[in-house]
Amino acid sequence: MYYKSTRDSSVKITSAEAIVQGISKDGGLFVPSEIPSITMDEIVKLGDMSYSERAAYIFSKYLTDFTDAEIRYCTDNAYTSKNFATENIAEISHLFDGTYILELWHGPTCAFKDMALQILPYLLTTSAKKINIDKKIVILVATSGDTGKAALEGFADVPGTQIMVFYPEDGVSPMQKRQMTTQDGENVAVCALKGNFDDCQTGVKQIFGNAEIAAKLEENKLMFSSANSINWGRLAPQIIYYISAYATLVKDEEIKAGDKINVVVPTGNFGNILAAYYAKNMGLPVNKLICASNTNKVLTDFINTGVYDRNRDFVTTISPSMDILISSNLERLLYLMCGQNDAQIREWFGSLAKTGRYEVTDDIKAKLKADFAAGFCTDDETKAEIKKIYDKYSYTLDTHSAVAVKVYEDYKAATGDDTKTVIASTASPYKFSASVLEAIDGKKPEMDEYAMIDRLNELSGYEIPESLAALKTKPVRFSGVITKEEQKDYVLKELGL
């Protein structure tokens, strides 16, 4: 299988090359030339495998230039009890009749990004060896909170790599900030940016495409790559947990093989729900993909109207990982939906860059409505949902997962659709303890971050993750703050160029 660029379909590279490059030189994103299939018999057989074995099986369909041994090396090292606090890697909790919470936050940084970023360093370094790369790989990351720490944790002290993470100064939770600014590792750097996530992400993309910087990298045997979901090596691992969850539900006799499910995903950059779309197109029986947004509802509006318009106020919410107005992975979806028409993609995303908006064709609007539903909720509604679920089911949601549950309840009330449903739970409530406590107790907590964690432990009964508890005594290593205009110079300085 080969990989194309969404902005130039004539590009034809291997998965190893796509993973190392991260983003195409033309600014497009890499996608597989075709979506491989998986049969129901195959999915049922996955039920008897470990998560690592399931991952290896599905990866083998996408990474066809990797040997079986290379794939197993990656999956066996990533998906272990050393890295995840549960043997199953991704747990499934039964919330209410026919509704299942897929807990993707049992990894070292307590967020769903660990599901991909624990394996990406293995995929990246294996890919580099396969294609004889003799350069140091410099990972540039823009984060709205969770990707940054997960990438830092994955790449810290990995030989032959260096990683720089940029986060919005006032756009992450206190715990997310502390996770990043205390990061260990000789090859890591973290910097706050005055602005929002979109500023961080735009700056990183511009640095990737800067010819002057590219020349300097070449002279010094360096190359850029990405740990954001623009990198196929970040997106592919996310396909696995949707198929894995279905296999588990069949094995546990919660559903019958072949039954359709709905999948609900809280998302800002569209990567997590795009992975579910890939799973559906492989053959996973999915009825509706339900896209859940917070007040920054650019995706909800797009799915419902076919108009993408980022010309709106950016809102800082209690679900900061979704505070995004430029959803990069939408480009991959539209490339697939328009029949891999790269000219059409260049037109739409050129318009987005110039005017901040574009409108898709009636054909694409119909396809969006066929596969997706979308909704959003406010901060007040999010907190009310956390309280409601806590009181009714003694289950504690984080602020992002609560958005997903609320949007799903609204969808079900509006449509009467009683299809069994998997809701992606993307973070531990401990990462957003102030907002979760305020929701449950009905008042703002007047205590420090670690007292809040102790209080949340009393209320939820969830074990406090060791990685978060250890942050209390870790010294802050990175306190720098720059403007978006200074991002390029910061990168060059960190690289000694």
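Only heavy atoms go into these numbers, but all of them, side chains included; no hydrogens, no water, no symmetry mates.
Checking side-chain atoms of Gln344 against main-chain N and O of Asn341 turns up no donor-acceptor pair under 3.5 Å. The backbone N or O of Ser321 lies less than 3.5 Å from a partner atom in the side chain of His400, making a donor-acceptor pair. Thr355 contributes no side-chain N or O that, together with a main-chain N or O of Leu352, makes up a donor-acceptor pair within less than 3.5 Å. Using modelled atom types, no side-chain atom of Asp199 and backbone atom of Lys484 make a donor-acceptor pair closer than 3.5 Å. For Asn220 (side chain) and Lys216 (main-chain N/O), a donor-acceptor pair under 3.5 Å exists by modelled atom type. Here the side chain of Lys431 pairs a donor or acceptor atom with the backbone of Thr109 at under 3.5 angstrom. A donor-acceptor pair under 3.5 Å is absent between the side-chain atoms of Asn88 and the main chain of Glu91, judged by distance alone. Remark: side-chain polar atoms of Asn304 are paired, donor with acceptor, to backbone N or O of Thr300 under 3.5 angstrom. At least one donor-acceptor pair closer than 3.5 Å links the side chain of Asn83 to the backbone N or O of Asn77. For Lys488 (side chain) and Ile213 (main-chain N/O), no donor-acceptor pair under 3.5 Å exists by modelled atom type.
Between the side chains of Lys113 and Thr147, at least one donor N or O sits under 3.5 Å from an acceptor N or O. Asp417 and Tyr411 share a side-chain donor-acceptor pair at under 3.5 Å. A donor-acceptor pair shorter than 3.5 Å can be found between the side chains of Asn272 and Tyr242. A donor-acceptor contact under 3.5 angstrom links the side chains of Lys149 and Gln183, judged on distance only. Residues Ser319 and Thr317 have side chains that bring a donor and an acceptor to within less than 3.5 angstrom of each other. In the model, Ser327 has no side-chain atom that pairs as donor or acceptor with a side-chain atom of Asn269 under 3.5 Å.
Contact of the Gln206 side chain with the Gln487 side chain is not registered, since no non-hydrogen atoms from C-beta on lie closer than 4.5 Å. Proximity of Leu102 to Val263: side-chain heavy atoms (C-beta onward) are nowhere separated by under 4.5 Å. Two residues are said to be in side-chain contact when any heavy atoms from C-beta on lie closer than 4.5 Å; Arg310 and Arg357 fail this criterion. Using a 4.5 Å heavy-atom threshold, the side chains of Pro108 and Glu153 count as touching. Two residues are said to be in side-chain contact when any heavy atoms from C-beta on lie closer than 4.5 Å; Lys420 and Thr99 fail this criterion. Looking at heavy atoms from C-beta onward, Lys256 lies in side-chain contact with Asp259 at the 4.5 angstrom threshold. Contact annotation: the side chain of Lys406 never approaches that of Val403 to less than 4.5 Å [non-hydrogen atoms, C-beta and beyond]. Residues Ser244 and Tyr51 form a side-chain contact, since some pair of their non-hydrogen atoms from C-beta on lies under 4.5 Å apart.
Of the charged side-chain nitrogens involved, none lies within less than 4.0 Å of a carboxylate oxygen, so that Arg54 and Glu42 do not count as a salt-bridged pair. The pair Glu17-Lys130 does not count as a salt bridge, with every side-chain nitrogen at least 4.0 angstrom from each carboxylate oxygen. With respect to Asp301 and Arg312, a salt bridge is recorded, a charged nitrogen being found less than 4.0 Å from a carboxylate O. Between Asp26 and Arg346 there is no salt bridge, since none of the side-chain N atoms of the basic residue sits less than 4.0 Å from a carboxylate O of the acidic one. A salt bridge links Lys280 to Asp371: one of the charged nitrogens lies within less than 4.0 Å of a carboxylate oxygen. In this structure, Asp68 does not pair ionically with Arg72, as no charged nitrogen and carboxylate oxygen lie closer than 4.0 Å. A salt bridge does not link Asp41 with Lys45: none of the charged nitrogens is closer than 4.0 Å to a carboxylate oxygen. Remark: Asp134 engages Lys221 in a salt bridge, criterion side-chain N to carboxylate O under 4.0 Å.
Counted within 6.0 Å of CZ on Phe372, heavy atoms from surrounding residues, nucleotides or ligands total more than 12; the atom is thus considered enclosed.
Between Phe59 and Phe66, the gap from one ring centroid to the other reaches at least 6.0 Å. Checked against the 6.0 Å centroid threshold, Trp105 and Phe432 do not count as a close aromatic pair.
Between Ala18 and Asn231 the shortest heavy-atom distance is O-OD1, 4.2 Å. The shortest heavy-atom contact between Met1 and Pro36 is CE-CD, 3.8 Å. A pairwise comparison of heavy atoms in Ala279 and Ile243 identifies CB-CG1, 3.9 Å as the closest pair. Counting all heavy atoms, side chain and backbone alike, Ile303 lies closest to Leu368 at O-CB, 4.4 Å. Looking at every heavy atom in both residues, Trp348 comes nearest to Ile364 through CH2-CG1, 3.9 Å. Pairing each heavy atom of Val20 with each of Ala128, the nearest pair is CG2-N, 3.7 Å.
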Next item on the list: Kindly indicate, with the supporting measurements, whether the criterion side-chain hydrogen bond (donor to acceptor under 3.5 Å, both in side chains) is fulfilled by Ser93 and Tyr100.
Entry: CA-CA 6 Å; Ser93 289; Tyr100 307 93; over 6 Å; no

Note to self: With ring pair (Phe, Tyr, Trp, His ring centres under 6.0 Å) as the criterion, how do Trp232 and Tyr278 come out once you've worked through the C-alpha distance, each side chain's angles and the decisive distance to 0.1 Å?
What the structure shows: CA-CA 12 Å; Trp232 179 254; Tyr278 268 96; 5.3 Å; yes

Notebook entry, point to check: Between Phe166 and Tyr490, is a ring pair (Phe, Tyr, Trp, His ring centres under 6.0 Å) present by the stated rule, with each step listed?
Noted result: CA-CA 10 Å; Phe166 298 94; Tyr490 176 90; 5.5 Å; yes

Next item on the list: Might you work through the salt bridge (charged side-chain N to carboxylate O under 4.0 Å, His left out) test for Lys129 and Glu70, ending with a clear yes or no?
Entry: CA-CA 11 Å; Lys129 288 177 184 174; Glu70 287 169 336; over 6 Å; no

Notebook entry, point to check: Do Asp398 and Ser401 pass the side-chain hydrogen bond (donor to acceptor under 3.5 Å, both in side chains) test, and can you show the C-alpha distance, the side-chain angles, and the key distance before you say yes or no?
Noted result: CA-CA 6 Å; Asp398 86 290; Ser401 307; 2.5 Å; yes

Notebook entry, point to check: Going through the checks in order, is the side-chain hydrogen bond (donor to acceptor under 3.5 Å, both in side chains) test met by Ser144 and Asp323?
Noted result: CA-CA 7 Å; Ser144 54; Asp323 290 348; over 6 Å; no

Next item on the list: For side-chain hydrogen bond (donor to acceptor under 3.5 Å, both in side chains), just list the numbers for Ser10 and Asp8, CA-CA rounded to whole Å, side-chain angles, deciding distance to a tenth of an Å, and then say yes or no.
Entry: CA-CA 5 Å; Ser10 68; Asp8 183 358; 2.5 Å; yes

Name the atoms and distances for all side-chain donor-acceptor pairs under 3.5 Å in residues 328-337, with sequence neighbours left out.
| unit_1 | atom_1 | unit_2 | atom_2 | d |
| --- | --- | --- | --- | --- |
| Ser328 | OG | Gln201 | OE1 | 3.1 |
| Ser328 | OG | Gln201 | NE2 | 3.3 |
| Ser328 | OG | Lys205 | NZ | 3.0 |
| Asn329 | OD1 | Arg332 | NH1 | 2.7 |
| Asn329 | ND2 | Ser229 | OG | 2.7 |
| Glu331 | OE1 | Arg7 | NH2 | 2.9 |
| Glu331 | OE2 | Thr6 | OG1 | 2.6 |
| Glu331 | OE2 | Arg7 | NE | 2.8 |
| Arg332 | NE | Phe30 | O | 2.9 |
| Arg332 | NH1 | Ser229 | O | 2.9 |
| Arg332 | NH2 | Phe30 | O | 3.0 |
| Arg332 | NH2 | Ile230 | O | 2.7 |
| Tyr335 | OH | Ser9 | OG | 2.5 |

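Note that OG1 of Thr14 is 4.5 Å distant from CG of Asp65, once rounded to the nearest 0.5 Å. For the atom pair Tyr79 OH and Ile89 CD1, the distance stands at 8.5 Å (nearest 0.5 Å). Atom CG of residue Leu117 and atom CG of residue Leu123 lie 10.5 Å apart, to the nearest 0.5 angstrom.
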